[in-house]
Novice: 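Here you go, one structure.
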Number of protein chains: 2
Amino acid sequence: MSRTTIHDIAKELNTTAATVSRALNDHPSISSATKESVRRAAQKLNYQQNRAASSLRSGKTFVIGVIIPSAEISFFGSVIHGIEKVAKSRGYNVLLFQTNESYEDEAQGIRTLLQSNVDGIIASISKETTRYDHFLEVKKRKIPLILFDRAIDELDVPAVVIDDYKGAYLATEHLIQQGFQRIAHISGPQHIQIFHERLRGYVDALKAHHHKVDGDLIMYGKVSIDSGRICTEQLLNLPQRPDAIFAVEDFTALGALQAIKETPWNKPGQIGLVGFANEAFSAYITPGLTTVDQQTALMGQEAANIFMSLRQEEENPPEFPQKIVLDPVLIVRQSSLRRKSQSNHGGK
Amino acid sequence: MSRTTIHDIAKELNTTAATVSRALNDHPSISSATKESVRRAAQKLNYQQNRAASSLRSGKTFVIGVIIPSAEISFFGSVIHGIEKVAKSRGYNVLLFQTNESYEDEAQGIRTLLQSNVDGIIASISKETTRYDHFLEVKKRKIPLILFDRAIDELDVPAVVIDDYKGAYLATEHLIQQGFQRIAHISGPQHIQIFHERLRGYVDALKAHHHKVDGDLIMYGKVSIDSGRICTEQLLNLPQRPDAIFAVEDFTALGALQAIKETPWNKPGQIGLVGFANEAFSAYITPGLTTVDQQTALMGQEAANIFMSLRQEEENPPEFPQKIVLDPVLIVRQSSLRRKSQSNHGGK
DNA sequence: CTGAAAGCGCTTACAG
DNA sequence: CTGAAAGCGCTTACAG
């Protein structure tokens, strides 16, 4: 009792496999009567196409390979969601590979995806990766490669990123508009581009609103809860202490919040706080954390959309790789509202 | 400049494709000298196996299909992580399909995976699904099917679940041991098995410790933040109000926490609280939420392990499907510690 | 509108 | 230990 093939259907209908294949693929030169009877027979015999055979012959697999550091990180889970959603709607499937931030695993992943003849690869580069030979191999084989979030300009491939500069600008401007006067920033390592961009956005927003940029108010942390706490303690001990803090991302902001809460002279709402990333916890801590949303699911969708458009233009690919820069979205919650009580009363 | 095939390697070495294939697959009857030279030539020519061709001929794809409601839910992201990790270590890849809790999408997913000739399917059933014909089709084709978390006994297939009864028992016992006297439970809809099991665990723990089971202290909520808040307000207005609450899951617990904080007469630490699921936010709210961890990544790993063992025993499959019940892990944080100050001072 | 035939790149039973 | 040959299930250029 082996699987039904197009030959079984052909036999059933006294026709040939070629006709059956064409009918099932809705080939224009097949009469609609034939198509109808083939479809009926296929249904009756419970036929399922063998994709391996189809792709071996046609060269198309309708599979998109996705390479991410870890599906356990909610950011990537969300991006995968967006990618798979678009892929499915266009008849594509997603083959998933995790790198655990390792270069070796990433190179292995690329090899596997090439062996699987994926029609394209969407990837976010591992932290550890500094050589790009595996990605160059993908380019050499003319397989569409799209990067997201952690993009590498040097590779000269399409990418979807978020506008970190603008997100930081919006966050800082919001604090200014709330009336805060001395706004500090806890940044991260400057060799990582996104952190540097956020610092630039902070500085430019201050300048645009004629606020002084004070080097004492800029800390370089290690991007963690502990680091956020430590930097904040130092900031609050300054002779001229800040009245608001923009943290480079939400975990840093969380540490900052803990330090703020422990400060004896602090009253709720006295020190403004904004984070970045809109992590899962940000809405649920007290006070709710104002932050910058990165539109993660949209990022995945746009990456998949670029892939789809590359498929269309296969014969004459665009001269310059497309780069999509997503707009960050400021999410205002209680942590940045000035001198208001933090009671949740009546909140929902 | 098309891709290198085994014929190219054979030509290079004046041998045949058969020998090259055997050498690359480490076939025992090939001399090690031949294997070595084939491998070298393969490397030199940058050969990558064509998996479509291989699996068309051999019938094995080394692909595991995974069906989940959504990768955006951190629980599933974490399970995928576990599955992919084990799969990769054994040379398998993961083909991902999301159902968005829809029966139609789920059936479509199964169809796609069957067409892709996956070697096995690991799935968590959509909330909407009440017919199982698509899963029966998988069984009929003798393709290993493993369910996790949302398992269906009726299908009679292997499954990995968590022991909800035990998790609830541990949570309740912990509150008893902290010295709380009147412990309430906010449950969920009883037609969903996991919620019913948690209620049973709560009741049995009370009984085992000679606590009275008071129907007034058992609420049936809708499993959401709002519902947790509403149920808690009602509980705290009882003439004989509870001094601790075990919530059916962390979002309900979060709502409960909000209600507790707003209660005027409440002092920190006076009302004990435990949740269930160890959601991403649970560690970061104030006070930190004591909860029950579901070992999500382990759940994925175990599901993948079952698949691997089924592969081994392909010829004589086990008579009864294997069921793995994972041990829940109680994570104690501040929300359940009795009459202690909630200061974070010195915490890390 | 349909058929006959070749071939995608592998694997593997059979023969030596 | 290696080779010749068949075949997995499709698709598609060519012919009619």
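Throughout, protein chains are lettered first and strands after them, A, B, ... in sequence-line order, and every chain is numbered starting at 1. Hydrogens, waters and symmetry mates are skipped; everything else that's a heavy atom, side chains included, is used.
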Novice: Taking 4.0 Å as the cut-off, does a side-chain nitrogen or oxygen of B:T34 come that near to OP1 or OP2 on D:dT2?
Specialist: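 For D:dT2, OP1 or OP2 has a side-chain N or O of B:T34 closer than 4.0 Å.
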Novice: Going from OG1 on B:T34 to CZ on B:R39, what distance comes out if it is rounded to the nearest 0.5 angstrom?
Specialist: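 That separation rounds to 10.5 Å.
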Novice: Please find the pair of heavy atoms, one from B:K139 and one from B:D156, that lie closest to each other, and give the distance.
Specialist: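 Closest heavy-atom pair between B:K139 and B:D156: NZ-O, 3.7 Å.
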Novice: Taking the side chain of B:T16 as heavy atoms from C-beta outward, which of C:dA4, D:dG3, C:dC1 is closest to it?
Specialist: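 From the listed options, D:dG3 comes nearest.
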Novice: Taking B:T99 for its side chain and B:E106 for its backbone only, find out whether a donor-acceptor pair lies under 3.5 Å.
Specialist: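 Side chain of B:T99 to backbone of B:E106, a donor-acceptor pair under 3.5 Å: no, none is there.
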Novice: Tell me whether the side-chain N/O atoms of A:T19 come closer than 4.0 Å to OP1 or OP2 in C:dG3.
Specialist: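 Checking C:dG3 against A:T19, a side-chain N or O does come within under 4.0 Å of OP1 or OP2.
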Novice: When you measure from the side chain of B:S116 to the backbone of B:V118, do you find a donor-acceptor pair of N or O atoms at a distance under 3.5 Å?
Specialist: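 Side chain of B:S116 to backbone of B:V118, a donor-acceptor pair under 3.5 Å: no, none is there.
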Novice: Just the rounded figure in Å: distance from C1' of D:dT12 to CG of A:L24.
Specialist: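 Rounded to whole Å, this separation is 15 Å.
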Novice: Taking atom P of D:dA5 as reference, at what distance in whole Å does atom NE2 of B:H7 sit?
Specialist: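 So the two atoms are 13 Å apart, to the nearest Å.
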Novice: Is A:D105 salt-bridged to B:K88, cutoff N-O under 4.0 Å?
Specialist: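 Counted as a salt bridge, because a side-chain N and a carboxylate O are separated by less than 4.0 Å.
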Novice: Assess whether a salt bridge exists between A:E72 and B:K85, defined as any Lys/Arg side-chain N lying under 4.0 Å from an Asp/Glu carboxylate O.
Specialist: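 No, no charged N to carboxylate O under 4.0 Å.
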Novice: Would you measure the distance from the P atom in D:dC14 across to the matching atom in D:dC10 and give it in whole Å?
Specialist: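 About 24 Å, rounded to a whole number of Å.
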Novice: Can you check whether B:S31 has a side-chain N or O nearer than 4.0 Å to OP1 or OP2 of D:dC1?
Specialist: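 Negative; the distance criterion is not met.
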Novice: Heavy-atom contacts under 4.0 Å between residues 43-58 of chain B and DNA chain D, which residues?
Specialist: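 Nucleic-acid contacts, sorted: B:L56, B:R57.
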Novice: Whole angstrom is fine here: how far is it from CG in B:L13 over to P in D:dC1?
Specialist: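 One finds 17 Å between P of D:dC1 and CG of B:L13, rounded.
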Novice: So what's the dot-bracket for DNA chain D: Watson-Crick or G-U pairs under 3.5 Å, [ ] if a pair crosses, | if it pairs off-strand?
Specialist: |||.||||||||.|||
Novice: Heavy atoms only, 4.0 Å cut-off, all strands: where does A:T5 land among base, sugar-phosphate and nothing?
Specialist: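 If one applies the 4.0 Å heavy-atom cut-off, A:T5 turns out to touch the sugar-phosphate alone, with no base involved.
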Novice: Without decimals, in angstroms, what is the distance between A:I9 CD1 and D:dG9 P?
Specialist: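 In whole Å, D:dG9 P lies 13 Å from A:I9 CD1.
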Novice: Would you kindly give the CG-to-P distance between A:N14 and C:dC1, to the nearest whole Å?
Specialist: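 Spelled out: CG on A:N14 to P on C:dC1 is 20 Å.
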Novice: On a whole-Å scale, what distance lies between the C1' atoms belonging to C:dG16 and C:dT12?
Specialist: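 Approximately 16 Å lies between the C1' atom of C:dG16 and that of C:dT12.
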Novice: Should the pair B:D119-B:K60 be classified as a salt bridge under the 4.0 Å nitrogen-to-oxygen rule?
Specialist: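 Judged by the 4.0 Å cut-off on N to carboxylate O distance, B:D119 and B:K60 do not form a salt bridge.
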Novice: Just grab all the salt bridge (Lys or Arg N to Asp or Glu O under 4.0 Å) pairs involving residues 41-57 of chain B, residues at least two apart or on different chains.
Specialist: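 Salt bridge (Lys or Arg N to Asp or Glu O under 4.0 Å) check on residues 41-57 of chain B returns B:E12-B:K44.
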Novice: Salt bridge between A:R3 and A:D8, side-chain N to carboxylate O under 4.0 Å?
Specialist: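 No, this pair does not count.
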Novice: Just the rounded figure in Å: distance from C1' of D:dC10 to NE2 of A:H27.
Specialist: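 Roughly 14 Å, once rounded to whole Å.
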Novice: So, the side chain of A:S58 versus the backbone of A:S54: is there a donor-acceptor pair under 3.5 Å, distance only?
Specialist: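 At least one qualifying donor-acceptor pair exists.
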Novice: Starting from P on D:dT2, measure out to CD1 on B:I6 and report it in whole angstrom.
Specialist: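 It is 15 Å, rounded to the nearest whole Å.
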Novice: Between B:T15 and A:R22, who's closer to the 5' end of DNA chain D by nearest nucleotide?
Specialist: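 Here B:T15 is the residue nearer the 5' end.
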Novice: From NZ of B:K60 over to P of D:dG9, roughly how many Å is that when rounded to an integer?
Specialist: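 Computing the B:K60:NZ to D:dG9:P distance gives 14 Å.
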